[in-house]
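First the structure, in the form of structure tokens, and then the observations on it.
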Amino acid sequence: LAEELIISDSKLKEERYNTLIPQIEALTTGEPNRIANMANVAAALKETFDFFWVGFYLVEDNELVLGPFQGPIACTRIGPGKGVCGAAWSEKKTFLVPNVDEFPGHIACSSDSKSEIVVPGINSTGVVEFVLDVDSDTINDFDKTDQHYLEEVVRKLV
Ligand code: SME
């Protein structure tokens, strides 16, 4: 039964992403303002999944600066290589962190954050322009399904 519940859980998650992606597409298509698009994407993700914190950090003057988000107040600036966000930025890849307490250098903007996923927005010349950070207040809340769909969401914003 436990296994069936897990399967139906991940099916539900996939269905939710499959409903959400076309909505995001419709919201962002034809709108060139990145901040506006990020704001709506953060809201749509928060509404759909009730994530603890979901938002963007934008690369500016060799720092990550807080952008549109939904959730509790967060750190305003993150230096290169710092925390999960900084790691995703410098290594140009998605970081799935099941337990933030086990991630060296994790920045605890909130002690309620337990697991997270950070996806970098990489432009056509290979430069990271922003990162999408999603945090959960439960351990091990993100998996490859989240990675797959959140990477798709980020591609729509670069
Ligand atoms: N936990 C992140 C910092 C950003 S916030 O949690 C909103 C990190 O280590 O990159």
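Atoms within each ligand, like the ligands themselves, are counted from 1 in listed order.
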Side chain to side chain contact (heavy atoms under 4.5 Å, CB included) evaluation trace for I122 with V158: CA-CA 7 Å; I122 307 170; V158 277; 5.8 Å; no
For residues 84-98, dump all side-chain donor-acceptor pairs below 3.5 Å to protein atoms at least two apart in sequence or in another chain.
residue: S90; atom: OG; partner: G86; partner atom: O; Å: 2.8
residue: K92; atom: NZ; partner: G126; partner atom: O; Å: 2.6
residue: T94; atom: OG1; partner: E151; partner atom: OE2; Å: 2.5

Residues that E25 engages under salt bridge (Lys or Arg N to Asp or Glu O under 4.0 Å), provided they are two or more places apart: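 With sequence neighbours excluded, E25 shows a salt bridge (Lys or Arg N to Asp or Glu O under 4.0 Å) to K156, given in chain and number order.
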Residues that E129 engages under salt bridge (Lys or Arg N to Asp or Glu O under 4.0 Å), provided they are two or more places apart: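 R34.
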Mutual orientation of the aromatic rings belonging to F69 and W53 [parallel < 30°, tilted 30-60°, perpendicular > 60°]: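 Because their plane-to-plane angle is under 30°, the rings of F69 and W53 count as parallel.
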From CA spacing to verdict: side chain to side chain donor-acceptor pair (under 3.5 Å), S136, D141: CA-CA 6 Å; S136 169; D141 211 14; 2.7 Å; yes
N/O to N/O under 3.5 Å, ligand 1 against protein:
residue: ligand 1; atom: 1 (N); partner: H106; partner atom: NE2; Å: 3.1
residue: ligand 1; atom: 1 (N); partner: I107; partner atom: O; Å: 2.9
residue: ligand 1; atom: 1 (N); partner: E116; partner atom: OE2; Å: 2.9
residue: ligand 1; atom: 6 (O); partner: D135; partner atom: OD2; Å: 2.9
residue: ligand 1; atom: 9 (O); partner: V84; partner atom: N; Å: 3.0
residue: ligand 1; atom: 9 (O); partner: I107; partner atom: N; Å: 2.9
residue: ligand 1; atom: 10 (O); partner: V84; partner atom: N; Å: 2.9
residue: ligand 1; atom: 10 (O); partner: C85; partner atom: N; Å: 2.7

